[in-house]
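In what follows, residues are counted from 1 in the order of the sequence shown.
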Amino acid sequence: MKLIEAAGKTVKIFPAEKENAPLVILNTFEDDGESVYAAAKKITDVEFSLAAVGGILWEAKMSPWKCPPVYKGGASCTGEADAYLDTLTKQILPEILGQLSMKPSYTALAGYSLAGLFAVYALYRTDVFSRAASASGSFWFPNFLEFAFNNKMTVKPDCVYFSLGDKEARAHSSMLRVVEDNTRMLNKMCNELGIRSTFELNPGNHFKDASLRMAKGIAWMIGN
């Protein structure tokens with residue numbers, strides 16, 4: 001594992017040992033890159049590099065536009081995803097690539113919760129990422145479904161992974177209860193566009209087995 005600082009963010013890099021291995025960028029919330037990487041290596045034999053980016057202001061950098069707090073006393077989303085995506089692709093990614101001894105066959109983006117929303121949003125804003133994995137993505141986010149259906153992805157991705165906990169649709173907040181229906185509709189949209197896509201329903205609420213769920217998404221994404 002290599003540890004670097006890039007654009008004010010801490011990045012943990014787990015480089016592949018074989019040529020033509022893909023690079024997966026994982027935006028992390030609780031510095032879970034190492035646990036996700038370890039779990040993924042147990043699931044798949046596909047060689048890949050992982051770069052886990054930490055130190056992210058979640059409600060700011062992972063949100064595409066402003067949104068009020070979901071919970072009483074929670075933080076508002078301030079809609080700085082475009083600015084962060086620019087930093088990620090133009091500053092952080094080049095630093096990561098400079099640490100790899102071999103050029104990746106492609107670059108993919110993965111994330112959990114709001115970072116899962118960001119992973120799909122990024123497909124509409126840049127052609128850098130050819131695959132995306134969204135584990136328990138925050139697709140309750142106001143107006144995101146309308147955005148996804150009314151805009152075109154920059155480049156048709158090779159594949160997109162979606163997952164959710166089977167209790168997430170039973171959240172107390174009416175704002176959150178739409179998440180399963182919205183995720184299923186996004187998966188259906190991808191399939192209708194000819195994009196390899198899957199939706200996996202996992203046991204538990206939003207917080208159960210987060211690292212394993214993310215690892216399963218990465219394993220599926222790089223295996224297709």
Side-chain angles (χ1 to χ4, degrees), residues 5-12 24-36 51-93 108-126 128-129 132-148 151 160-165 167-183 186 202 204-211 213-214 217-218:
E5 293 287 330
K9 303 293 185 291
T10 301
V11 185
K12 291 183 177 179
V24 178
I25 305 294
L26 173 66
N27 289 302
T28 67
F29 179 63
E30 295 184 334
D31 194 26
D32 56 353
E34 193 163 357
S35 60
V36 171
V53 184
I56 302 168
L57 296 174
W58 212 244
E59 288 83 2
K61 306 303 182 182
M62 297 290 100
S63 59
W65 44 80
K66 293 181 179 180
C67 170
V70 178
Y71 300 106
K72 185 178 181 180
S76 297
C77 292
T78 56
E80 300 174 40
D82 286 322
Y84 173 69
L85 183 59
D86 190 66
T87 299
L88 178 62
T89 54
K90 295 180 181 178
Q91 297 182 48
I92 299 175
L93 181 56
L109 189 60
Y112 198 91
S113 193
L114 270 174
L117 175 84
F118 177 81
V120 175
Y121 178 72
L123 298 176
Y124 289 86
R125 294 301 202 207
T126 181
V128 171
F129 307 106
S134 173
S136 285
S138 299
F139 297 116
W140 50 263
F141 203 87
N143 302 317
F144 187 82
L145 200 66
E146 291 82 356
F147 167 83
N151 291 274
V160 182
Y161 172 91
F162 299 97
S163 75
L164 208 64
K167 294 183 179 179
E168 294 193 58
R170 301 200 294 273
H172 292 301
S173 168
S174 60
M175 189 174 181
L176 297 177
R177 283 198 293 270
V178 301
V179 66
E180 184 172 331
D181 286 343
N182 287 1
T183 306
L186 287 168
N202 296 295
N205 62 18
H206 183 71
F207 303 98
K208 182 177 175 58
D209 299 327
S211 292
R213 288 188 196 177
M214 190 71 264
I218 290 172

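Looking at residues two or more places apart in sequence or on another chain, you find a side-chain contact (heavy atoms from CB on, under 4.5 Å) between Glu34 and Lys12, Phe14. Residues satisfying the salt bridge (Lys or Arg N to Asp or Glu O under 4.0 Å) criterion with Glu168, sequence neighbours excluded, are Arg213. In terms of the side-chain contact (heavy atoms from CB on, under 4.5 Å) criterion, residue partners of Ala169 (sequence neighbours excluded) are, by chain and number, Glu180. Thr89 pairs by the side-chain contact (heavy atoms from CB on, under 4.5 Å) definition with Leu85, Thr126, Val128, Phe129, not counting sequence neighbours. Here Lys90 pairs with Asp86 under the salt bridge (Lys or Arg N to Asp or Glu O under 4.0 Å) rule; sequence neighbours left out. Every side-chain contact (heavy atoms from CB on, under 4.5 Å) that Phe147 has, sequence neighbours left out, goes to Trp65, Tyr121, Tyr124, Arg125, Phe144, Asn151.
Using modelled atom types and a 3.5 Å distance limit, the side chains of Thr10 and Glu5 yield a donor-acceptor pair.
Between the side chain of Thr28 and the main chain of Val53, a donor-acceptor pair closer than 3.5 Å is present. In this structure, the side chain of Asn182 engages the main chain of Phe139 through a donor-acceptor pair within 3.5 Å.
The two residues Ser211 and Asp32 make their nearest non-hydrogen contact at OG-CB, 3.9 Å. Here the shortest heavy-atom pairing between Ser136 and Tyr112 reads OG-OH, 3.4 Å. Looking at every heavy atom in both residues, Ile56 comes nearest to Tyr84 through CD1-OH, 3.6 Å.
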